[in-house]
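Read through the structure below, which is laid out as structure tokens, and then see the notes.
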Amino acid sequence: MKKKKSSNTYTVCETQAAALSDDPNFDFKCLFSSSSRNRFTLRFTYCAKPVYWEVLYSTADTSLPPDFIFEDGEEHFVALHQLETLRPGRWSADDAGALLDVLHELLGHYRSFQRRRVERHGSERLQLDLSSLPDADLAVADVKFVAATNQRPAEVRLLLPLRVDFAAALSNSLRGEPPPQPPWPQPAVGGGGLDGQQQQQAPDPVLALPPRLRPRPPRLLVTLLPDSAGRAAEARLELGSDGAAAAFWGQIVDPQKAATVGSGTTAGGLGAALLSDYVEAAEASVQQAYTRLLCRRWLLLALMHAFGGWLELDASSYQRATFMASCSQVPLLIIVTVPAEFPDRQPLLTLQSAHHFRADGGSYVREYKNYPYSPRWSATELASRLKSFLEDKAADSFMKACDKGAD
């Protein structure tokens, strides 16, 4: 049965434009003009640079696919009549996702177009760097070309998705123990819930993590100058295209450190190192930061079980938690500050009086930096040892000092 044609050009245009917001890979923005109801400007970011394409729908026949106007110098990167998604029988004005399918095909041609320009004009060093990447044909990497003349590019930008091994980070952070469970209800994964009971089907431990703790990995943006022997003029970490992922990585990763640490790299560029070395160094930095985040999370959850709950919790970077305890039936606060470098650096323990106060009204406070500690202990073992240290040594002497009115 032949589909009914839409009678309103603006309805087709608006409906298909609205569907672009569902794409997880590109931050498509549709800019409509009040003077025209059959076209809009499509804005998206490609290799950290804004790109603008005009999308025009026919007012004479709303069943026809849209036309496109591309940026100057890139008007002919693809022949529209050759696109599979625009062929008769494939395009449908009644399909809200039809325009998104066209854009995905266009972006594939756009990536290939940029790669051809780089291969045609790039230096030998640039070609060596590109060939050293794990994904040699850059099928998953964006290449942005900026031309200074008609002969050579002024710069080449590479936006490289970094790999984060969530399973390895989970395994390394747990040290062979099951993860301490949070007090809030957990969603069912695999054959059952996460309540510690035996399940018929073992769930994927990575999927058992909250979605917030397994966001899309960040990307590395590298700017190469072919005329300078391929040296990197700039390298910086793109934390994410969506707000949630960017916020997550921004809390645990130092973008400047992750983008500059590497074997053989220098402040002025790649030096003798290949681009693949640069990428591997950034991946290692991000992997380490993520593993440390999980280590901090397991410790605070284990302490929650040891002390029976927390009063306050840093649920973003897991670097601080406050617990309530008692010594000789007198309440006191236990504040655990976990450094970003944990477990290589040990946590700071702070006892704060909740019943005794100084003359100025403030609480008595004592910090503990030197106590039995090993970075090889699991979260459960460390929590148990911290509790024993506080119960057997620290808490009693602290309360006696509070009774005497001394810090």
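None of these values were measured; they are calculated from a predicted model.
Put simply, OG1 on T350 and CZ on R320 are 7.0 Å apart, with the number rounded to the nearest 0.5 Å. Between L386 atom CG and Y371 atom OH the span is 5.0 Å, to the nearest 0.5 Å. The line from CZ of R90 to CG of L83 is 10.0 Å long, rounded to the nearest 0.5 Å. Here the straight-line distance linking atom CZ of F307 with atom NZ of K387 works out to 7.0 Å at 0.5 Å rounding. For the atom pair OG of S58 and CG of L64, the computed distance is 5.0 Å after rounding to the nearest 0.5 Å. Put simply, CD1 on I335 and OG1 on T322 are 4.5 Å apart, with the number rounded to the nearest 0.5 Å.
Taking S112 as the reference, R116 meet the side-chain contact (heavy atoms from CB on, under 4.5 Å) condition, with sequence neighbours excluded. Under the side-chain contact (heavy atoms from CB on, under 4.5 Å) criterion, A321 pairs with L300, L313, F323, sequence neighbours left out.
Q16 places no side-chain N or O within 3.5 Å of a backbone atom of A98 that could act as its donor or acceptor partner. Using a distance-only test at 3.5 Å, with no hydrogens or angles considered, a donor-acceptor pair links the side chain of Q319 to the main chain of V338. E367 places no side-chain N or O within 3.5 Å of a backbone atom of L348 that could act as its donor or acceptor partner. In terms of modelled atom types and a separation under 3.5 Å, the side chain of R296 and the main chain of S317 share a donor-acceptor contact. Panel note: side chain S384, backbone T380; no donor-acceptor pair is recorded below 3.5 Å. A donor-acceptor pair is defined here as one N or O able to donate and one able to accept, closer than 3.5 Å; no such pair exists between the side chain of T15 and the backbone of V12. With hydrogens and angles ignored, the 3.5 Å screen pairs no side-chain donor or acceptor of E283 with any backbone N or O of L162. For the pair W91 (side chain) and S63 (backbone), a donor-acceptor distance under 3.5 Å is present. Using modelled atom types, no side-chain atom of D67 and backbone atom of L56 make a donor-acceptor pair closer than 3.5 Å.
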- Message: The test is side chain to side chain contact (heavy atoms under 4.5 Å, CB included); show your working for L42 and C30 and say whether it passes.
- Response: CA-CA 5 Å; L42 178 68; C30 301; 4.2 Å; yes
- Message: side chain to side chain contact (heavy atoms under 4.5 Å, CB included), that's the test. Do L103 and T85 meet it? Break it down for me.
- Response: CA-CA 9 Å; L103 291 177; T85 51; over 6 Å; no
- Could you check Q346 against L382 for side chain to side chain contact (heavy atoms under 4.5 Å, CB included), going step by step and ending with a plain yes or no? CA-CA 10 Å; Q346 68 188 96; L382 178 56; over 6 Å; no
- Message: Could you walk me through whether L293 and Y318 satisfy the side chain to side chain contact (heavy atoms under 4.5 Å, CB included) test, starting with their C-alpha distance in whole Å, then the side-chain angles of each, then the deciding distance to 0.1 Å, before giving a yes or no?
- Response: CA-CA 7 Å; L293 171 78; Y318 300 102; 3.7 Å; yes
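Between Y110 and the options F70, F68, W53, F44, a ring pair (Phe, Tyr, Trp, His ring centres under 6.0 Å) holds for only W53.
Side-chain contact between V164 and Q287 is present, with heavy atoms from C-beta onward closer than 4.5 Å. Under the 4.5 Å side-chain criterion, counting only non-hydrogen atoms from C-beta, L349 is in contact with V336. Between P347 and Y373, some side-chain heavy-atom pair lies under the 4.5 Å cut-off. A 4.5 Å side-chain heavy-atom check between I334 and L351 finds at least one atom pair inside the cut-off. A 4.5 Å side-chain heavy-atom check between S374 and R385 finds every atom pair outside the cut-off. Residues V51 and E71 have side chains in contact (heavy-atom distance under 4.5 Å, counting atoms from C-beta outward). R175 places none of its side-chain heavy atoms less than 4.5 Å from the side chain of N172. Within the 4.5 Å cutoff, the side chain of W298 has heavy atoms near those of the L174 side chain.
Nearest heavy atoms, F40 versus C13: CD2-SG, 3.4 Å. Considering every non-hydrogen atom in both A19 and L100, the closest pair reads O-CD2, 4.2 Å. Considering all non-hydrogen atoms of both residues, F248 and R212 come closest at CD1-O, 3.4 Å. The two residues L170 and S173 make their nearest non-hydrogen contact at O-OG, 2.9 Å.
If you check the side chains of Q114 and Y46, you find no donor sitting under 3.5 Å from an acceptor.
Aromatic ring orientation, F389 versus Y368: perpendicular (interplanar angle above 60°, classes split at 30° and 60°). Using cut-offs of 30° and 60° on the angle between ring planes, the pair W249 and Y290 is tilted.
Few gaps surround CD on E381; more than 12 heavy atoms of other groups in view lie less than 6.0 Å from it.
A salt bridge links R39 with E54: at least one charged nitrogen is closer than 4.0 Å to a carboxylate oxygen.
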